[in-house]
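Here you go, one structure.
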Amino acid sequence: MVVLMSAIEAFGKTIEFITRNPKLLLIPLLVALIMAPINAYMLKDVPMTPMGFQNFEKEGNVIIEEYGNLMQESQLMTLLKRTSISGLIELVIASIAIYALIKGALLNSSGEIYSLGSLLIEGTKKMPAVVVIRILINIAAALIAFMAFLPGILLIALGIAMKSDITILGVFLLLIVMLPVIGYVFTITVTAVPAYVVKGNMGEAFGVIGLAWRKKLSSLGFGLLLALAIILISIIPASFGGIAFLGSSGFIPQLVLQLVSAPFQALSIALQAIGGFMFYNVLQKEEEIEEEFDLEF
């Protein structure tokens, strides 16, 4: 129960901080609005249909495929190049916003006065370090997840090769470890930059891997809570796009969808940055209390 309370306390503080400081949402909103036309252009040739969805009409003995065509290899490669470019741009711009949000939360917690302009200027200066931290911590998280899923994957592969029921065991093993691993790796990815902002040392960012492991149950709970909140937020604009622009393609439909999604993307960025900061603070306080307790005894 105490473990769950740590996760719930950090999540509650995140929501409370965001509602009391709505002006900070302007920072991630600016990022989303900048990326809206860029993403719209990059995705303008992609029909807004579910993957693999096809709609057929029959006229006599002829079946006409309306939309849902599979992309040709050349189109797919073009799309991959475009999304890679937009992804790199978003990585840079979002890193500025994430640093600015965390710094704003840090200054607010100490009662210091700040302006959005000063936060953005400092975020721009610290952007290279934040980009490096985000890339490396995500690679580390991916490796941790892969190692955790590897036994289940190997059992499934072995079961398929041998046509054995051991496949079921592999699937069961994957299901058991999936939620704990998702919660843990999501927590380390959102607390790495806050550790850097608070401590001013890039090395501290990677120390969250061990910190979260020592507090693995509360880290699991917080990661799952935050991930669930972000998924729920993302469903709203995705549902709108699926209903309003089903089968459409082109710059304008994509731009409208991106603009509609912008406030939700801004809230998602804010939840990750502020949530990571709040939970990192909770973990730090717990560590300090345990250290004092050990010194006394």
Side-chain angles (χ1 to χ4, degrees), residues 10-11 13-36 38 86-141 185-209 211-212 222-223 226-227 229-230 233 262-284:
F11 189 77
K13 286 182 176 180
T14 301
I15 303 301
E16 181 183 3
F17 181 86
I18 291 174
T19 54
R20 289 189 176 183
N21 300 273
K23 73 173 185 177
L24 278 176
L25 287 176
L26 293 174
I27 294 175
L29 181 59
L30 178 62
V31 171
L33 291 175
I34 290 173
M35 290 303 304
I38 297 174
S86 64
L88 287 173
I89 295 171
E90 188 166 6
L91 173 64
V92 171
I93 300 176
S95 294
I96 296 172
I98 289 170
Y99 184 95
L101 284 166
I102 297 167
K103 187 67 174 185
L106 179 62
L107 293 175
N108 184 277
S109 64
S110 59
E112 297 182 46
I113 299 174
Y114 59 87
S115 66
L116 297 184
S118 64
L119 293 178
L120 286 171
I121 290 171
E122 186 172 353
T124 303
K125 293 177 180 178
K126 301 292 185 179
M127 176 269 294
V130 176
V131 168
V132 170
I133 289 169
R134 292 181 67 201
I135 291 173
L136 292 180
I137 201 68
N138 276 282
I139 291 173
V185 299
F186 195 68
T187 293
I188 65 174
T189 57
V190 298
T191 53
V193 179
Y196 166 63
V197 177
V198 172
K199 299 294 187 178
N201 185 345
M202 287 184 65
E204 293 291 337
F206 305 103
V208 299
I209 296 174
L211 179 61
F222 178 77
L226 194 60
I230 291 170
I233 291 168
F264 301 97
Q265 293 174 3
L267 184 56
S268 176
I269 294 172
L271 278 174
Q272 293 179 63
I274 305 300
F277 171 74
M278 294 298 177
F279 189 62
Y280 179 73
N281 279 347
V282 168
L283 293 184
Q284 284 289 101

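Note that the numbering runs from 1 along the sequence shown for the chain.
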Inset, instruction - Of all the heavy-atom pairs spanning S86 and M35, show the shortest one and how long it is. - result: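 So the minimum-distance heavy-atom pair works out to O-CE, 3.4 Å.
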
Inset, instruction - Kindly indicate whether the side chain of I137, heavy atoms from C-beta on, has any atom under 4.5 Å from the side chain of I209. - result: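 Yes, their side chains come closer than 4.5 Å.
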
Inset, instruction - Measure the spacing between CD1 of I96 and NZ of K126 and express it to the nearest 0.5 Å. - result: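 I96 CD1 to K126 NZ: 13.5 Å, rounded to 0.5 Å.
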
Inset, instruction - Please report the closest heavy-atom contact between A270 and L25, naming both atoms and the distance. - result: CB-CD2, 3.4 Å

Inset, instruction - Taking the side chain as every heavy atom from C-beta outward, state whether Y99 and E122 have any pair of such atoms under 4.5 Å apart. - result: yes

Inset, instruction - State, yes or no, whether a side-chain contact exists between L24 and I18 at a heavy-atom distance under 4.5 Å. - result: no

Inset, instruction - Please test L211 against Q284 for side chain to side chain contact (heavy atoms under 4.5 Å, CB included), starting from the C-alpha separation and ending with a verdict. - result: CA-CA 9 Å; L211 179 61; Q284 284 289 101; 3.9 Å; yes

Inset, instruction - Any chance you could measure Q272, atom CD, to L267, atom CG, to the nearest 0.5 Å? - result: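 Here the rounded value is 10.5 Å.
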
Inset, instruction - Indicate yes or no: at least one non-hydrogen side-chain atom of I34 is less than 4.5 angstrom from one of I89. - result: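 With C-beta onward as the side chain, the pair stays apart.
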
Inset, instruction - Over all heavy atoms of both residues, which pair between R134 and I98 is shortest? Give the atoms and the distance, please. - result: CZ-CD1, 3.7 Å

Inset, instruction - Could you grab the distance from atom CD1 of I93 to atom OG1 of T124, nearest 0.5 Å is fine? - result: 10.0 Å

Inset, instruction - Working to the nearest 0.5 Å, report the span between CD1 of I274 and CG of L226. - result: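 Atom-to-atom, I274:CD1 and L226:CG are 11.5 Å apart.
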
Inset, instruction - To the nearest 0.5 angstrom, please state how far the CZ atom of F206 sits from the CG atom of N201. - result: 10.0 Å

Inset, instruction - For V208 and A205, work out which heavy atoms get closest and say how close. - result: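 Minimum heavy-atom contact is CG2-O, 3.0 Å.
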
Legend entry - Parallel, tilted or perpendicular: rings of F279 and F222 (30°, 60°):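 Parallel, since the angle between the ring planes stays under 30°.
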
Inset, instruction - Using a 4.5 Å cut-off on heavy atoms from C-beta on, say whether the side chain of L119 contacts that of L107. - result: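 Answer yes - side chains close enough.
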
Legend entry - Backbone of N138 reached by a side-chain donor or acceptor of T189 within 3.5 Å: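 Checking the backbone N and O of N138 against the side chain of T189, no donor-acceptor pair under 3.5 Å is found.
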
Legend entry - Test ring pair (Phe, Tyr, Trp, His ring centres under 6.0 Å) applied to F277 - qualifying residues, sequence neighbours left out: none

Inset, instruction - Find out whether V197 and Y280 are in side-chain contact, i.e. whether some heavy atom of one side chain is under 4.5 Å from a heavy atom of the other. - result: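 The answer is no, as the side chains (C-beta and beyond) never meet within the 4.5 Å cut-off.
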
Inset, instruction - Check the pair L271, I15 against side chain to side chain contact (heavy atoms under 4.5 Å, CB included), reporting the backbone distance first and the verdict last. - result: CA-CA 8 Å; L271 278 174; I15 303 301; 3.9 Å; yes

Inset, instruction - List the atom of T14, the atom of G275, and the distance in Å for their closest heavy-atom pair. - result: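 Shortest heavy-atom separation between T14 and G275 comes out as OG1-CA, 3.2 Å.
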
Inset, instruction - Take Y114 and K103 through the test side chain to side chain contact (heavy atoms under 4.5 Å, CB included) and record every step on the way to the result. - result: CA-CA 9 Å; Y114 59 87; K103 187 67 174 185; over 6 Å; no

Legend entry - Between CG on residue N108 and CD1 on residue I113, distance to nearest 0.5 Å: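 It is 11.0 Å, given to the nearest 0.5 Å.
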
Inset, instruction - Not counting sequence neighbours, which residues clear side chain to side chain donor-acceptor pair (under 3.5 Å) with E16? List them please. - result: R20

Inset, instruction - Would you indicate whether the side-chain heavy atoms of K13 and N281 approach each other to under 4.5 Å? - result: no

Inset, instruction - Please confirm whether the backbone N or O of L91 pairs with a side-chain atom of S95, one donor and one acceptor, at under 3.5 Å? - result: yes

Inset, instruction - Check A192 against I133 and note the closest heavy-atom contact, atom names and distance. - result: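 Of all heavy-atom pairs spanning A192 and I133, the closest is CB-CG2, 3.9 Å.
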
Legend entry - Intermediate values then yes/no, side chain to side chain contact (heavy atoms under 4.5 Å, CB included), I102 and Y196: CA-CA 10 Å; I102 297 167; Y196 166 63; over 6 Å; no

